[in-house]
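The structure appears below as structure tokens.
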Amino acid sequence: MLQVPFIRENKADVIARLAKRNIDAATLIEQVIALDEKRRRVQAQLDTVLAESNTLSKAIGGLFKSGQVEEANALKAKTTTLKEQSKTLGEALHEAGEDLKDLLYQIPNVPHALVPNGTTEADNEELFKAGEIPKLHEGALPHWELAKKYDIIDFELGNKIAGAGFPVYKGKGARLQRALIAYFLDTNTAAGYTEYQLPHLVNEASGIGTGQLPDKEGQMYHVTEDNLYLIPTAEVPGTNIFRDVILNESELPVGITGYTPCFRREAGSYGAHVRGLNRLHQFDKVEIIRVEHPSTSYAALDAMVNHVKSILEALKLPYRILRLCAGDTSFASALTYDFEIFSTAQDRWLEVSSISNFETFQANRLKLRFKNADGKNELAHTLNGSALALPRILAGILENYQTEDGIDIPEVLREYTGFNKIG
RNA sequence: GGAGAAAUGGCAGAGUGGUCGAAUGCGGCAGUCUUGAAAACUGUUGAGGGUCACACCUCCGGGGGUUCGAAUCCCUCUUUCUCCGCCA
């Protein structure tokens, strides 16, 4: 959520930057400013009435104490009007505040200057590419065929138990999953992130805090009976650790990592690009989250990118880094880098990580602040990224590491899997 | 699931209708003292709105009510604790 004073002071700039996202926010921004003015006006009126009412109450108290009952009752009569006024004004203030919040919830974050123009993923900017694209043998298979051939992932069984998009990993497939999770967590903690185990369901306030609610609840599974949501990413419980928190400046930066399953309700389309592990309702992911001083958040973003780079290099998967265009950058993000690995057997790039700086957008909703050098409370910056999402990494390993007689396990994972080959 | 108790500032903990944004202690910060530190002493120390700055207003778990006036009384929701039951 953008800050109202920021909108007020940078109106033209905000509109121009939001235009990059292909939205015409002019009306919305004007409404915000008008509503905020109204809110402050009503607040001032209410304050005056309340001040008067407070004064009278004190006077009445004094009169009763000194036994001047008649005078006290005379003053009491005066408070009736004030009470009515304060009630009306109070309601108006509440309403203006709610309306303002509704508007603010509709406005996405303003993109950073580096964000390229564009509307779809085709407009994303490729920044970096590394790794060798392996030459596969004749008859190389996509991962869903490999999964069947070596009996390591059972999609049909998942269909039976839960539904489409809930695969069952078995045997060496399950072990490889566990190995990847452990490897990612170890790598992240070695880089200074503190490991957390987080709830997989969150309440409404948490959903609002990180920007999934309101309006985007369709993407989450909702347990209506208890009004809880299954997390779509560890970002939600992880970042909400810091909801309503005021940190000391010396406590920054904060870095945490956590593994969670992720649940996404969004009905994927059908066809080859969502086959197998490409798009799921439940998948595993290891997330990294940072809380930063505003002056260091972009350096932190770069550090996160370099960290993920090093993991993909250790796994020896060919990858590229994209800077997302405005149209593809998520609602709350100011700047996002995506990592994609190349799947040779599918002959396409697969997104495996998305790293974003939200600046103060989430912090403003979360009320996540730190006490700055002047002793003032200031919104912190939040960032997060996948390090890493499992299914497509698994797909990439299966497809790129396949040989005629099995699937080799990347060197760095062998101490975690306990085997060097599947098949 | 049943019965009871409770929710106050960073923490502990007073406050049961009137000058209470809230005693006191601890902690934090600043200063005095000290070569430095500790101890001791002094001062300071919640958040939000509002203002050029004051003033002023709001907040004692959330929401609603009673009253001229609510941290204090009532209703409701949430959470926590104790006991019992069940249970990985």
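These numbers come from the heavy atoms of this one structure, side chains and all, not from hydrogens, waters or symmetry mates. Labels below follow one simple rule: chain letters A, B, ... track the order of the sequence lines, proteins then strands, and each chain is numbered from 1. Note that this is a predicted model, so its numbers are computed, not measured.
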Could you list, one pair per line, each protein nitrogen or oxygen that sits under 3.5 Å from a nitrogen or oxygen of nucleotides 44-50 of chain B, together with the distance?
{"unit_1": "B/A47", "atom_1": "OP1", "unit_2": "A/Lys371", "atom_2": "NZ", "d": "2.9"}
{"unit_1": "B/A47", "atom_1": "OP1", "unit_2": "A/Asn377", "atom_2": "ND2", "d": "3.3"}
{"unit_1": "B/A47", "atom_1": "O3'", "unit_2": "A/Arg369", "atom_2": "NH1", "d": "3.1"}
{"unit_1": "B/G48", "atom_1": "OP1", "unit_2": "A/Arg369", "atom_2": "NH1", "d": "2.9"}
{"unit_1": "B/G49", "atom_1": "O3'", "unit_2": "A/Arg39", "atom_2": "NH2", "d": "3.1"}
{"unit_1": "B/G49", "atom_1": "O2'", "unit_2": "A/Gln43", "atom_2": "OE1", "d": "3.2"}
{"unit_1": "B/G49", "atom_1": "N2", "unit_2": "A/Asp47", "atom_2": "OD2", "d": "3.1"}

Watson-Crick/G-U partner (both atom distances under 3.5 Å) of [N]:
N: B/U67; value: none
N: B/U72; value: none
N: B/U79; value: B/A6
N: B/C41; value: B/G31
N: B/A12; value: B/U24
N: B/G17; value: none
N: B/C52; value: none

| task | Using the closest heavy atom to pick a nucleotide of RNA chain B for each, name whichever of A/Lys83 or A/Lys87 lands nearer the 5' end. | result |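 Closest to the 5' end, via its nearest nucleotide, is A/Lys87.
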Strictly by modelled atom types, are [X] and [Y] linked by a side-chain donor-acceptor pair under 3.5 Å?
X: A/Asp338; Y: A/Ser354; result: yes
X: A/Glu399; Y: A/His143; result: yes
X: A/Gln362; Y: A/Thr382; result: yes

| message | Side-chain N or O of A/Asn54 versus OP1/OP2 of B/C57: is the shortest distance under 4.0 Å? | response |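 So the side chain of A/Asn54 is within the cut-off, an N or O lying under 4.0 Å from OP1 or OP2 of B/C57.
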| Whole-Å C1' distance, B/U42 and B/C83 |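 It works out to 50 Å between them.
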| message | Can you check the distance between B/A12 and B/A7, where both ends of the measurement are the P atom (answer in whole Å)? | response |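 Approximately 12 Å lies between the P atom of B/A12 and that of B/A7.
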| message | According to side chain to side chain donor-acceptor pair (under 3.5 Å), does anything in residues 47-56 of chain A pair up with another residue at least two apart or in another chain? List the pairs. | response |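 Listed once each, the pairs are A/Gln43-A/Asp47.
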| task | Kindly state each residue pair satisfying salt bridge (charged side-chain N to carboxylate O under 4.0 Å, His left out) with at least one member in residues 84-94 of chain A, sequence neighbours excluded. | result |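 Qualifying pairs, neighbours excluded: none.
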| Any ion pair linking A/Glu287 and A/Lys285 (charged N to carboxylate O, less than 4.0 Å)? |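 Yes.
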